[in-house]
Amino acid sequence: MASKKTLVGVVMGSTSDWEVMSQTAKVLKEFGVAYEARALSAHRTPAALEKWLAAMEKKGARAFIAAAGGAAHLAGVVAAQTQLPVLGVPMPSKHLQGMDSLLSMVQMPKGIPVPTLAIGEAGAANAALFAVAMLALSDVNIARKLEEFRERQTKAVLSAKLPD
Ligand code: RP5
């Protein structure tokens with residue numbers, strides 16, 4: 001790990017969100033960004049959530065990524081309790097395929113913003129990439145890794161061959 005400080009807190013409403021949110025963890029690991037991931041719920045474990053947020057701030061967290069499905073209020077509740085940036089990832093829900101999660105998260109009333117990513121795995125990975133971009137503003141090592149990642153991605157697209 002490049003940094004010993006826990007820079008990003010990743011929270012999801014349920015362990016059932018982990019399959020998708022492992023994409024966030026994967027990207028943060030790739031960039032050597034220290035993170036802590038927890039399943040904590042705004043409605044099932046509100047006191048534990050509050051305690052964990054305070055502990056993460058003490059550990060030096062610079063951002064939170066919050067994932068939830070259905071009436072996805074978790075990211076808003078997290079944002080209400082911290083001044084740190086909170087990115088929301090809507091989970092693909094069973095009955096409405098994540099449209100409920102997306103609209104719940106993205107429609108935060110004025111005053112407490114929750115920048116919201118795409119539903120599912122793309123959003124989970126992009127939340128981590130966005131957190132990396134924020135950290136890169138004040139960390140040259142992370143900035144260099146992000147530049148290298150973007151270069152690799154560009155090369156991969158340009159060198160890909162379409163089938164005959
Ligand atoms: C939300 O309810 C969670 O974020 C999860 O996406 C959804 C379903 O949770 P489980 O019933 O699988 O625990 O709070």
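In listed order, ligands and their atoms are each counted from 1.
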Would you mind listing which atoms of ligand 1 come within a distance below 4.0 Å of any non-hydrogen atom of [X]?
{"X": "Ser16", "value": "9 (O), 10 (P), 12 (O)"}
{"X": "Arg44", "value": "9 (O), 10 (P), 11 (O), 13 (O)"}
{"X": "His43", "value": "14 (O)"}

- Closest heavy-atom contact between Thr6 and Met56?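 That would be CG2-CE, 3.5 Å.
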Starting from [atom], locate the nearest protein heavy atom and write down its residue, its atom name and how far away it is, to 0.1 Å.
{"atom": "atom 4 (O) of ligand 1", "result": "Asp17 OD2, 2.7 Å"}
{"atom": "atom 2 (O) of ligand 1", "result": "Gly69 O, 3.6 Å"}
{"atom": "atom 13 (O) of ligand 1", "result": "Ser14 OG, 2.6 Å"}

Is there side-chain contact between [X] and [Y], with heavy atoms separated by less than 4.5 Å?
{"X": "Ser14", "Y": "Arg44", "answer": "yes"}
{"X": "Phe64", "Y": "Leu53", "answer": "yes"}
{"X": "Ile65", "Y": "Leu117", "answer": "no"}

Return all side-chain donor-acceptor pairs below 3.5 angstrom for residues 66-90, not counting sequence neighbours, or 'none' if the list is empty.
| residue | atom | partner | partner atom | Å |
| --- | --- | --- | --- | --- |
| His73 | ND1 | Ala71 | O | 2.4 |
| His73 | NE2 | His43 | ND1 | 3.1 |
| Thr82 | OG1 | Glu57 | OE2 | 2.3 |
| Thr82 | OG1 | Leu84 | N | 3.0 |

- Task: Give a yes/no on ligand 1: does Lys94 have at least one heavy atom closer than 4.0 angstrom to it?
- Result: no
- Task: Tell me, please, which residues at least two apart from Lys59 pass side chain to side chain donor-acceptor pair (under 3.5 Å).
- Result: Glu36
- Message: Checking contacts here: is it the side chain or the backbone of Ala68 that comes within 4.0 Å of ligand 1, counting heavy atoms only? Could be both or neither.
- Response: both
